[in-house]
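Computed from a predicted structure; not experimentally measured. Hydrogens, waters and symmetry mates are skipped; everything else that's a heavy atom, side chains included, is used.
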Amino acid sequence: MRVGADVLDPVLRSSRTVDLGVLTLRISSNLEEFDGYAYFPRPAAPDSEPDDELVCVDLDRDPVDVTALEALTDRTLRAKRLRTGYYLSHVFGAPAYLVTRGRRRYVFGRRLERTVWPYFVKTILTAHAIEHGRLHLKAAGFAVGGAATLLVGANAGGKTVFLEQACRAGARFLSNTHTLVRPGPGAGVAVGVPSAVRVREVAPDLLASGRARRHIEAGDYIVDPADLFGGDPVAAAPVRNVVIANYRPGAPFAFDRIDPADAEAFCEQFASALTMYGLKDDVLAYGGGDALRFAGIVRDMRRRLHHLVTAARCYRATVDMHDATHRAAVLAELAAPDP
């Protein structure tokens with residue numbers, strides 16, 4: 001059993017440095033096979049130095065003196081919640097202990113793959129966006145006609161089906177869940193965060209080959225988008241369109257341009273990483289607990305979102321993308337340049 005300072009010098013038996021599009025992240029584990037790696041289909045360039053590090057220590061594999069660990073644990077609200085087994089949003093698990101040392105985060109617990117994508121990736125990307133003047137959105141995306149279309153929507157709004165059908169029809173995959181918008185011409189440039197795609201049904205050959213892995217949510221799978229869609233993904237593209245996926249069974253086909261103010265109001269609640277992932281306490285801690293610094297960060301996020309929706313074309317899509325006629329009409333509209 002490790003005690004004292006040895007706690008932060010664990011035996012690491014596996015490691016991956018992964019490409020998150022805007023940064024690289026080294027994930028290490030004391031397990032020879034760590035399920036958390038399955039979320040990341042793209043490795044970083046060989047010998048690249050990571051921007052951030054995450055060390056995951058499974059306490060069943062290597063016991064640690066919990067008393068010594070608690071003395072080292074962060075004093076943030078998030079660290080306290082992790083110790084209760086509440087990770088983020090609706091994701092729960094065994095108690096986990098968070099220790100932050102600069103750009104390196106240590107997490108101790110069990111089944112720690114449940115913390116990697118659900119919590120750590122989200123907060124690392126949000127911190128990066130704050131530091132580099134970018135907008136972090138929960139948004140899928142694809143490129144068609146040389147420009148990006150961002151897809152946002154509520155749960156069960158049809159976002160994943162829209163993305164899948166667009167890519168199968170020739171659009172280039174950009175991102176499944178996380179997109180960062182950096183300053184650039186017009187509405188800005190969308191940068192995709194490479195990640196496995198969460199799906200409810202997969203082809204038998206993907207299951208048999210092991211290329212589809214069980215998601216932490218029962219009944220779902222995670223798959224490399226290259227296996228799901230084929231084609232040539234795009235890393236970044238200038239934003240032309242923002243589409244609210246609003247599929248409702250039985251509702252008539254509708255694909256309408258909407259007022260940017262409506263798009264902004266929707267996106268603030270259903271696309272802002274701060275809102276969607278409940279990161280306000282993490283951003284407050286990032287700002288040293290300073291309320292005014294926190295307010296300034298939030299104002300900047302809102303300003304960037306306002307610029308995005310006012311400079312892009314915004315749509316509401318009540319579309320069955322399995323319908324070939326409707327799909328072709330929608331993709332033609334999205335590919336068309338501005339007059």
Hits for side-chain contact (heavy atoms from CB on, under 4.5 Å) against P260, two or more places apart or cross-chain, chain-then-number order -> V309, T310
Between T73 and R83, is there a side-chain donor-acceptor contact under 3.5 Å, judged purely by atom types and distance? no
Yes or no on side-chain contact (heavy atoms from CB on, under 4.5 Å) for R13 and L31, after CA distance, side-chain angles and deciding distance? CA-CA 6 Å; R13 300 179 177 90; L31 299 176; over 6 Å; no
Would you list the pairs meeting salt bridge (charged side-chain N to carboxylate O under 4.0 Å, His left out) in which at least one residue belongs to residues 277-290, sequence neighbours left out? R78-D282, R81-D281
Residues 265-276 vs salt bridge (charged side-chain N to carboxylate O under 4.0 Å, His left out), sequence neighbours excluded, gives E268-R302
Taking the side chain as everything from C-beta on, heavy atoms only, tell me whether T318 gets closer than 4.5 Å to F255. no
Which pairs pass ring pair (Phe, Tyr, Trp, His ring centres under 6.0 Å) with one or both residues in residues 92-113, sequence neighbours excluded? Y86-F92
Are the aromatic ring centres of H322 and Y247 under 6.0 angstrom apart? no
A147 versus A237, closest heavy-atom pair with distance: C-CB, 4.3 Å
Check the pair Y315, E333 against side chain to side chain donor-acceptor pair (under 3.5 Å), reporting the backbone distance first and the verdict last. CA-CA 10 Å; Y315 298 86; E333 169 71 14; 2.6 Å; yes
Check residues 180-189 and write down every donor-acceptor pair under 3.5 Å in which the side-chain atom is one partner and the other belongs to a residue at least two apart or another chain.
none

Only counting residues at least two apart or in another chain, list the ones meeting salt bridge (Lys or Arg N to Asp or Glu O under 4.0 Å) with R327. none
Walk me through whether L25 and T17 qualify under side-chain contact (heavy atoms from CB on, under 4.5 Å). CA-CA 5 Å; L25 172 65; T17 302; over 6 Å; no
Could you tell me whether E70 atom CD has more than 12 heavy atoms of other residues or ligands within 6.0 Å of it? yes
Salt bridge (Lys or Arg N to Asp or Glu O under 4.0 Å) with E131: which residues, sequence neighbours excluded? R103
Could you tell me whether D52 and R105 make a salt bridge, using a distance below 4.0 angstrom between a side-chain N and a carboxylate O? yes
If I compare all heavy atoms of C267 with all of V242, which pair ends up nearest, and what's the gap? SG-CG1, 4.3 Å
Once side-chain contact (heavy atoms from CB on, under 4.5 Å) is applied, do any residues pair with V107, and if so which ones, sequence neighbours excluded? L54, C56, A96, L112, T115, F120
Residue from F40, Y87, Y37 passing ring-ring contact (aromatic ring centres under 6.0 Å, His included) with W117: F40
Just distance, no hydrogens or angles: give the donor-acceptor pairs under 3.5 Å from side chains in residues 123-130, sequence neighbours left out.
| residue | atom | partner | partner atom | Å |
| --- | --- | --- | --- | --- |
| T126 | OG1 | K122 | O | 2.9 |
| T126 | OG1 | H136 | ND1 | 2.8 |
| H128 | ND1 | H132 | ND1 | 3.3 |
| H128 | NE2 | R134 | NH1 | 3.1 |

How would you list, by chain and number, every residue that makes a salt bridge (Lys or Arg N to Asp or Glu O under 4.0 Å) with R257, sequence neighbours excluded? none
Set of side chain to side chain donor-acceptor pair (under 3.5 Å) partners for D262, sequence neighbours left out: none
With sequence neighbours excluded, residues passing side chain to side chain donor-acceptor pair (under 3.5 Å) with T177: none
Under the side-chain contact (heavy atoms from CB on, under 4.5 Å) criterion, do L8 and L72 qualify, and how do the steps go? CA-CA 9 Å; L8 299 186; L72 297 170; 4.1 Å; yes
Consider only side-chain N and O atoms of N30 and D62, and report whether a donor and an acceptor are under 3.5 Å apart. yes
Could you check whether any side-chain N or O of D19 sits under 3.5 Å from a backbone N or O of T24, counting only pairs where one atom can act as donor and the other as acceptor? no
If we only count heavy atoms from C-beta on, is the P10 to V55 side-chain gap below 4.5 Å? yes
Check whether any side-chain heavy atom of I244 sits under 4.5 Å from a side-chain heavy atom of F270, and report yes or no. no
